[in-house]
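Inspection log for the structure reproduced underneath, given as structure tokens.
Just so it is clear, the structure is predicted and the values come from calculations on it, not from any experiment. Computed from heavy atoms alone, side chains included, the values below leave out hydrogens, waters and symmetry copies.
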Amino acid sequence: MAKLSASQARDYFYALAKKISLFSMKYGGSEIRSLTPDSVCEKNGCIIKEFHLPHGLTVEEKTTFPADYSAFETEIVLSARGEADTLLIEDLCVFDCVIPCEEDQLTGFPTDNDYAKVVSYRGWARETEECCPKNNYFIRKTSVYTFAPIQARSCDETMAYFDVCRKDFGAVCAIGWTAQWQARFHKEAEGVNFACGLQRSHFVLHAGERVIYPTALLFFYDKGFEEGHNGFRRYMREISIVGKPNRAPLTPLALGTWGGFHEEIHETVLSWIERNNFPFEVYWMDAGWFGECSKKDAANEEAWYKLVGNWGINPECHPSKFQGVKAHAEKIGIKTLLWFELERAMQNSEEYQKHPDWYLGRRDGSDTADQFLLNWGNAEALEYTLQKLSSFVDSIGLTWYRPDFNVDALPYLRNNDEEDRQGVTELKYVEGLYTFLDRLLAKYPQLMVDNCAGGGNRMDYQMQKRTVTLWRSDYNCYADHVVEGLQAANMGGSLFFPNVAHGLHAWHQTMYRARSCYLSGMTVNVLHGACENAAEVERILNEQTNFIREVLKEYAEVREYYNKDFYAHSAFNADLYSWCAYQFHDPEKDEGVFHVFRRASSVQGNGVYCLKQIDEDKTYEVKSFDGLPTRVCSGKELLQGLAVDIPCAGESRLFVYRKV
């Protein structure tokens with residue numbers, strides 16, 4: 001096959017989508033693939049087809065082609081319109097087609113240019129190289145590669161994003177499903193077959209029943225992997241709720257605190273922010289604020305999980321029910337964020353005891369059998385939970401809702417399926433989750449929704465449409481984490497996510513660590529451990545004041561670049577002996593920011609880096625944030641290499657370059 005362009009690939013699938021189905025399955029034991037539709041409707045780049053199968057099964061396939069991108073998204077809805085159950089539906093894939101690419105060249109030893117390949121990415125599995133490219137698999141004729149996440153969390157261990165590429169042509173293959181998807185890749189004559197759907201589908205639908213299915217997004221590129229992912233970043237920025245009318249204009253700069261601290265502590269922190277005129281935009285109160293327990297236990301960051309499912313405000317730590325915090329935050333122009341985990345409840349909790357029929361149990365006798373999963377597929381449970389949360393939004397004036405999800409949901413979803421209904425619990429659960437979020441956002445036009453699942457474990461693109469991740473990973477919650485792991489995750493995550501934030505533990509007080517946390521948003525944590533005494537908190541805050549002032553002043557000058565184009569200047573790893581460097585570039589302004597880190601065990605004292613996307617015919621001012629003189633360089637000089645000296649390991653350099 002001849003070399004393809006991204007637009008040709010889009011046109012190929014546009015023509016294909018008008019003629020036949022993109023999905024596949026077994027229906028009643030028979031293979032179903034490339035069906036001719038019974039009806040086709042085409043409008044504004046959207047193709048809607050209906051397929052009428054025996055025993056009343058109707059499949060509606062909707063394929064959307066955005067006008068400004070060489071991309072498309074496909075989704076299906078299954079309905080049982082007969083008077084009895086459908087036949088058995090098995091191995092259903094929302095997308096099962098060949099991505100055409102240039103013919104492989106068999107040269108004996110495989111290189112990147114010899115074979116088409118699939119690139120997979122590590123999930124947010126609390127590792128040192130999260131979201132980094134995990135493996136490049138050369139796709140041979142006999143190769144079949146299958147991927148899935150763990151714990152029914154879409155980006156746990158394996159990301160819901162892949163690349164299929166050969167030479168400069170490729171496609172980002174993204175899966176939109178916030179649970180247990182599966183992706184499969186294998187070689188065919190014309191290219192690489194990509195198929196995705198639910199990991200386990202083996203069910204009949206009852207008469208009148210309707211379910212949505214996982215979606216797939218393909219984003220084509222033809223100028224190489226790096227520019228391809230920058231195009232994908234622009235697309236993800238466009239579909240994000242960040243920057244939309246009435247919503248937050250940017251991923252926020254937040255001050256993070258423990259929700260279980262007494263309100264006196266929160267007042268102390270807010271007064272410190274006010275006194276120093278720090279430009280925080282969100283005041284973040286995490287877990288621990290709920291349930292009935294002592295002031296000491298509430299402040300203990302290890303006790304909170306035992307009270308999940310008790311959503312009354314703890315009177316011991318918040319006697320004014322957040323009204324003091326609300327008034328103080330409003331006074332200094334800061335939005336409020338509150339943590340919840342509405343999808344989980346302990347067996348002895350108030351919510352579970354009131355409505356045990358609204359929750360799913362594991363049913364496997366495990367040591368977490370006392371934890372239950374809210375069944376979003378239950379309409380009463382969904383409505384009640386929406387109203388419950390609404391009461392908090394209204395009374396506290398929340399602008400940010402922070403849902404967490406610290407549970408292995410897979411046994412809850414699977415163990416509640418009947419033999420001929422495997423997958424149905426999960427389908428209805430995820431549809432209910434999306435319905436809940438969509439109704440919440442529609443009800444509150446200014447509300448923003450965080451996305452946490454022990455970190456970024458549910459960052460599939462369907463959630464990215466509805467939420468923004470403010471705590472990318474729990475990796476740096478562990479005492480043995482290394483800062484270099486944060487740098488690696490910055491690089492890997494920047495291949496996909498323009499609007500994302502992570503947390504700076506400010507008590508370490510090093511610019512090397514602070515710069516390892518700069519993204520389009522950032523959460524600064526200033527307290528850790530059980531804090532019960534306001535005077536002690538005041539002392540801790542004052543010790544960090546000068547450092548935080550320095551960080552926020554620097555971050556304010558570079559923040560605007562982190563949701564723009566991303567370029568790697570070193571490997572995607574956390575190797576302590578190497579240097580790490582990366583660049584964010586604003587193509588409209590022709591300026592950007594450049595990070596360089598000399599890692600903890602590196603013996604290298606200097607390096608030269610050729611900046612990317614620089615116009616050789618222009619002149620640039622290069623500003624250092626480390627006391628070095630500002631330089632004026634020609635574009636040609638920067639393309640040939642910017643010399644960087646870092647005399648000590650564990651230090652960094654930060655530059656901003658602007659067109660003169």
Side-chain angles (χ1 to χ4, degrees), residues 66 68-69 71 124 130-131 155 159 161 172 174 217 219 221 226-254 279-282 335 400 448-451 456 459-461 463-473 486-504 514-524 551-552 554-569 581-595 611-613 654-658:
D68 298 328
Y69 297 93
W124 301 110
E130 295 174 307
C131 205
C155 291
M159 295 294 288
Y161 303 87
V172 178
L217 168 70
F219 187 99
Y221 54 84
E226 199 163 53
E227 290 304 327
H229 277 263
N230 280 324
F232 185 76
R233 279 173 60 87
R234 294 174 205 135
Y235 178 79
M236 293 292 277
R237 191 168 66 233
E238 185 169 309
I239 67 173
S240 172
I241 61 173
V242 175
K244 296 299 186 291
N246 300 318
R247 310 284 185 194
L250 299 169
T251 311
L253 172 63
F280 291 109
E281 297 150 354
V282 171
K335 310 297 184 183
W400 280 86
M448 296 293 290
V449 181
D450 184 15
N451 174 11
M459 288 179 71
D460 58 273
Y461 82 87
M463 286 295 275
Q464 292 299 104
K465 290 181 180 180
R466 298 166 167 90
T467 65
V468 55
T469 301
L470 301 186
W471 189 263
R472 181 189 63 194
S473 172
L486 308 184
Q487 299 160 14
N490 286 350
M491 295 178 68
S494 293
L495 293 172
F496 302 101
F497 308 117
N499 295 319
V500 67
H502 196 43
L504 167 64
R515 291 169 177 174
S516 301
C517 298
Y518 289 178
L519 291 166
S520 56
M522 183 168 63
T523 298
V524 179
V551 169
L552 296 185
E554 179 176 276
Y555 180 64
E557 191 163 341
V558 298
R559 179 185 182 186
E560 64 178 292
Y561 301 115
Y562 291 101
N563 71 348
K564 301 302 191 287
D565 292 353
F566 166 76
Y567 296 94
H569 288 266
Y582 49 83
Q583 171 188 358
F584 291 88
H585 178 79
D586 185 339
E588 294 183 2
K589 294 183 177 181
D590 194 11
E591 59 188 47
V593 62
F594 183 54
H595 282 255
L611 297 191
K612 300 181 182 181
Q613 298 304 303
L654 184 69
F655 303 93
V656 162
Y657 59 91
R658 297 185 176 97

For the residue pair [X] and [Y], categorise the inter-ring angle as parallel (less than 30°), tilted (30 to 60°) or perpendicular (more than 60°).
{"X": "W471", "Y": "H502", "answer": "tilted"}
{"X": "F232", "Y": "F496", "answer": "perpendicular"}
{"X": "Y567", "Y": "H585", "answer": "perpendicular"}
{"X": "W124", "Y": "F497", "answer": "tilted"}

query = Considering residues at least two apart in sequence or located in another chain, which fulfil the side-chain hydrogen bond (donor to acceptor under 3.5 Å, both in side chains) criterion with Y555?
reply =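 Checked Y555 against side-chain hydrogen bond (donor to acceptor under 3.5 Å, both in side chains); zero matches.
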Run the side chain to side chain contact (heavy atoms under 4.5 Å, CB included) check on E227 and Q613 step by step: do they pass? CA-CA 10 Å; E227 290 304 327; Q613 298 304 303; 3.3 Å; yes
Apply the test side-chain hydrogen bond (donor to acceptor under 3.5 Å, both in side chains) to residues R233 and N563: give CA-CA distance (whole Å), side-chain angles for both, the deciding distance (0.1 Å), then the verdict.
-> CA-CA 8 Å; R233 279 173 60 87; N563 71 348; over 6 Å; no
With the side chain counted from C-beta on, respond yes when [X] and [Y] share a heavy-atom pair under 4.5 Å apart, and no when they do not.
{"X": "V242", "Y": "P249", "result": "no"}
{"X": "K612", "Y": "H569", "result": "yes"}
{"X": "V468", "Y": "N451", "result": "no"}
{"X": "F594", "Y": "L611", "result": "yes"}
{"X": "L495", "Y": "C131", "result": "no"}
{"X": "I239", "Y": "M236", "result": "yes"}
{"X": "V172", "Y": "H229", "result": "yes"}
{"X": "P498", "Y": "Y562", "result": "no"}

May I ask you to say whether [X] pairs ionically with [Y], meaning some side-chain N is under 4.0 Å from a carboxylate O?
{"X": "E130", "Y": "R472", "value": "no"}
{"X": "E554", "Y": "R515", "value": "yes"}
{"X": "R559", "Y": "E281", "value": "yes"}

Okay, side chain of [X], backbone of [Y]: is any donor-acceptor separation there less than 3.5 Å?
{"X": "K244", "Y": "S240", "value": "yes"}
{"X": "S520", "Y": "V500", "value": "yes"}
{"X": "K335", "Y": "A254", "value": "no"}
{"X": "N230", "Y": "D565", "value": "no"}
{"X": "E226", "Y": "A568", "value": "yes"}

Using every non-hydrogen atom in the two residues, find where [X] and [Y] come nearest and quote the distance to one decimal.
{"X": "P66", "Y": "A71", "answer": "CD-O, 3.4 Å"}
{"X": "C155", "Y": "D460", "answer": "SG-N, 3.7 Å"}
{"X": "L519", "Y": "A501", "answer": "CD1-C, 4.2 Å"}
{"X": "G228", "Y": "F219", "answer": "O-CE2, 3.7 Å"}
{"X": "T469", "Y": "G456", "answer": "CG2-CA, 4.4 Å"}
{"X": "Y518", "Y": "V551", "answer": "OH-O, 3.6 Å"}

Interatomic distance, [X] atom [atom1] to [Y] atom [atom2] [nearest 0.5 angstrom]:
{"X": "L504", "Y": "S516", "atom1": "CG", "atom2": "OG", "result": "9.5 Å"}
{"X": "R234", "Y": "E238", "atom1": "CZ", "atom2": "CD", "result": "11.5 Å"}
{"X": "T251", "Y": "L470", "atom1": "OG1", "atom2": "CG", "result": "7.5 Å"}
{"X": "L552", "Y": "L253", "atom1": "CG", "atom2": "CG", "result": "5.5 Å"}

Go through it in stages, so that I can follow the logic: the residues are R466 and V449, the test is side chain to side chain contact (heavy atoms under 4.5 Å, CB included), and I'd like the CA-CA distance, side-chain angles, deciding distance and then a yes or no. CA-CA 7 Å; R466 298 166 167 90; V449 181; over 6 Å; no
Practice task
Step through it carefully: locate the ring centre of Y561, locate the ring centre of H595, and say whether they are under 6.0 Å apart.
Solution key: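 So the answer is no for these two rings.
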(Q) Could you work out, with ring-ring contact (aromatic ring centres under 6.0 Å, His included) as the rule, every residue matching Y235, not counting sequence neighbours? (A)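 If we apply the ring-ring contact (aromatic ring centres under 6.0 Å, His included) test to Y235, skipping adjacent residues, the hits are Y69.
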Exercise. Check salt bridge (Lys or Arg N to Asp or Glu O under 4.0 Å) between E557 and all other residues, then give those that pass, not counting sequence neighbours.
Key: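 Scan of E557 (salt bridge (Lys or Arg N to Asp or Glu O under 4.0 Å), adjacent residues dropped) gives K623, R658.
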Would you check, one step at a time, whether the test salt bridge (charged side-chain N to carboxylate O under 4.0 Å, His left out) holds for E588 with K564?
-> CA-CA 10 Å; E588 294 183 2; K564 301 302 191 287; over 6 Å; no
